[in-house]
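Here is the structure we will look at.
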Protein chains: 2
Amino acid sequence: MVFSKSFGYALRGLLYVAMINETSPRVQLDEISKKLAVPRYFLGKVMKKLVKGGVLKSKKGPYGGFYIHEKTLSTTLLQLTAITGDTIMYGSCVLRFRKCNAENPCPLHRQVEFLKNEWQNVLASTNIGDLLKKNHPDFLKSIAVI
Amino acid sequence: MVFSKSFGYALRGLLYVAMINETSPRVQLDEISKKLAVPRYFLGKVMKKLVKGGVLKSKKGPYGGFYIHEKTLSTTLLQLTAITGDTIMYGSCVLRFRKCNAENPCPLHRQVEFLKNEWQNVLASTNIGDLLKKNHPDFLKSIAVI
DNA sequence: CGGATAAAAGACAGGTTTGTCTTTTTATAA
DNA sequence: TTATAAAAAGACAAACCTGTCTTTTATCCG
């Protein structure tokens with residue numbers, strides 16, 4: 001009933017890169033993993049997914065690292081769940097029934113219907129840029145502390 | 001972002017036993033697993049947890065099986081999550097931060113606060129008896145079809 | 001008591017997620 | 001061109017979740 005670790009790493013990684021990019025053109029994985037206190041190589045794979053998912057850029061070699069592009073700040077939480085492979089409630093059943101809908105409801109269908117919709121709204125309407133703004137100026141603290 | 005399989009099996013198992021108990025004093029694991037189309041031995045372990053968790057009764061040997069007791073129908077979904085070990089949102093952080101609260105918020109804290117509360121309300125206020133009533137008369141269909 | 005029945009318990013295996021380490025690939029500057 | 005830096009990729013393992021099978025324990029009936 002919570003997000004995967006990958007999702008958390010992806011979100012925090014994206015936010016960190018976006019924050020650093022306000023003053024510096026690149027950030028390296030090494031710095032990100034240290035500042036976020038996150039396992040380095042695992043984070044590397046998550047960041048790679050973000051790049052392949054088209055919401056972040058990277059460059060190899062000297063002066064390389066990760067950096068945002070025009071789409072990064074408008075990336076929604078919903079897009080992130082798709083990239084990290086998180087199963088979210090909307091569009092699927094909280095009890096994992098394959099066919100669960102109004103005609104064929106699982107035992108919890110009615111009870112959770114509106115919650116699923118509200119989650120969907122939050123995930124679809126919240127993007128990286130929003131979070132960056134809202135969390136200033138204690139931003140680094142909010143993504144680093146676990 | 002969905003319940004564990006164990007939770008789904010536990011809920012459906014409880015509901016099935018409660019339904020059968022309206023006309024018969026015992027139900028065997030074999031019948032339950034077949035009617036719910038669920039792996040038998042795995043379900044057995046989940047049912048055992050329900051018994052140990054004090055929300056269901058069982059008896060070994062001939063004429064044995066599972067049966068409800070006075071607490072069964074008032075068991076809430078929240079209690080079930082505790083028994084199956086599901087991590088729910090309320091009381092924990094959706095990003096899995098260990099310390100996440102109003103003073104020390106994760107980057108999503110504000111955005112999901114009210115959703116966590118609403119989930120908590122639904123889980124705490126929905127019990128087995130409610131679900132049994134609400135799903136009649138298509139009850140068996142609702143817990144068996146996957 | 002002895003046989004049968006059904007849950008409980010134990011052993012084990014597959015899959016997924018998470019985490020670590022090593023090697024390869026790509027880009028840069030001198 | 002060569003050394004270097006950094007991401008990408010690959011190999012591997014630990015932990016957890018799920019699933020299967022076998023053995024043990026408790027209970028009932030004759």
Side-chain angles (χ1 to χ4, degrees), chain A residues 1-14 16-17 20 24-34 36-54 56-69 81 83-87 95-96 146, chain B residues 1-10 12-14 16-17 20 24-34 36-69 81 83-87 95-96 146:
Chain A
M1 238 25 186
V2 295
F3 291 107
S4 69
K5 288 209 170 189
S6 291
F7 178 90
Y9 295 161
L11 174 63
R12 294 160 65 202
L14 261 190
Y16 187 78
V17 174
I20 294 297
S24 176
R26 301 275 192 283
V27 209
Q28 284 81 47
L29 181 62
D30 194 59
E31 171 179 335
I32 307 172
S33 68
K34 279 174 181 158
L36 301 186
V38 149
R40 179 190 165 130
Y41 298 104
F42 190 75
L43 177 64
K45 299 189 176 180
V46 174
M47 300 299 281
K48 183 182 61 181
K49 284 185 188 172
L50 293 174
V51 173
K52 298 227 168 178
L56 188 66
K57 288 261 194 180
S58 69
K59 201 175 273 276
K60 290 181 177 180
Y63 298 82
F66 295 93
Y67 56 105
I68 69 175
H69 64 149
T81 61
I83 289 173
T84 59
D86 276 52
T87 303
L95 292 184
R96 306 186 184 196
I146 291 224
Chain B
M1 238 25 186
V2 294
F3 291 107
S4 69
K5 287 208 172 190
S6 290
F7 178 91
Y9 294 163
R12 294 161 64 202
L14 262 191
Y16 187 79
V17 174
I20 294 297
S24 175
R26 301 274 192 283
V27 208
Q28 284 81 46
L29 181 60
D30 194 60
E31 173 179 334
I32 307 173
S33 67
K34 279 174 180 157
L36 302 185
V38 148
R40 179 190 164 131
Y41 297 104
F42 190 76
L43 176 64
K45 301 193 173 175
V46 174
M47 300 300 280
K48 182 182 61 181
K49 285 186 187 172
L50 293 174
V51 172
K52 299 227 169 181
V55 302
L56 189 66
K57 289 260 195 181
S58 68
K59 200 176 271 280
K60 290 180 176 181
Y63 299 83
F66 296 92
Y67 56 105
I68 69 175
H69 64 148
T81 61
I83 288 173
T84 59
D86 276 52
T87 303
L95 292 184
R96 304 187 186 195
I146 292 225

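Numbered from 1 within each chain, the chains take letters A, B, ... in sequence-line order. All heavy atoms count here, side chains included; hydrogens, waters and symmetry mates do not. Computed from a predicted model, the values in this text were never measured in an experiment.
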- Message: Tell me the interatomic distance from B:K48, atom NZ, to D:dT25, atom P, rounded to whole angstroms.
- Response: 14 Å
- Note: contacts of residues 25-32 of chain B with DNA chain C (heavy atom, under 4.0 Å) are B:V27, B:Q28, B:L29
- Give the first and the last nucleotide of DNA chain C, reading 5' to 3', that has any atom under 4.0 Å from a heavy atom of chain B. C:dA4 to C:dT18
- Query: Heavy-atom distance under 4.5 Å between the side chains of B:F66 and B:V51, does that happen here?
  - Reply: yes
- Message: According to side chain to side chain contact (heavy atoms under 4.5 Å, CB included), who are the partners of B:E31, at least two apart in sequence or on a separate chain?
- Response: B:Y16, B:I20, B:V27, B:K35
- side chain to side chain contact (heavy atoms under 4.5 Å, CB included) involving B:S33 - partner list, sequence neighbours excluded: B:R40, B:L43
- With B:S58 via side-chain hydrogen bond (donor to acceptor under 3.5 Å, both in side chains) - residues at least two apart: none
- Quick one: does A:T81's side chain get under 4.5 Å of B:M1's, heavy atoms only? no
- Phosphate contact (D:dC28 OP1 or OP2) by B:K59 side-chain N/O below 4.0 Å: yes
- Are any of the side-chain heavy atoms of B:P25 and B:Y63 separated by less than 4.5 Å? no
- Message: So A:M47 and A:V17, do their side chains get closer than 4.5 Å, heavy atoms only?
- Response: yes
- Query: Heavy atoms under 4.0 Å, any strand shown: does B:K52 hit a base, just sugar-phosphate, or nothing?
  - Reply: sugar-phosphate
- Query: Where the side chain of B:K45 is defined as all heavy atoms beyond and including C-beta, which of D:dT4, D:dA7, D:dG19 is the nearest nucleotide?
  - Reply: D:dG19
- Query: So how far is it from A:K48 NZ to A:K45 NZ, rounded to the nearest 0.5 Å?
  - Reply: 6.5 Å
- Least distance between heavy atoms, B:I32 atom then B:G13 atom: CG2-CA, 4.4 Å
- Flag, side chain of A:R12 to backbone of A:L36, donor-acceptor distance under 3.5 Å: yes
- Which part of the nucleic acid, if any, lies within contact of A:Y41, taking any heavy atom under 4.0 Å across all strands shown: a base, the sugar-phosphate backbone alone, or nothing? base
Show the distances under 3.5 angstrom between N or O atoms of the protein and N or O atoms of nucleotides 13-17 of chain D.
none

- Task: Find which nucleotide of DNA chain C each of A:L43 and A:G61 is nearest to by heavy atoms, and output the residue with the more 5' nucleotide.
- Result: A:L43
- Note on the structure: Result for 5'-nearest mapping on DNA chain C, choosing between B:V51 and A:Y63, is B:V51
- Please tell me if the side chains of A:L95 and B:F7 come closer than 4.5 Å, counting only heavy atoms from C-beta onward. yes
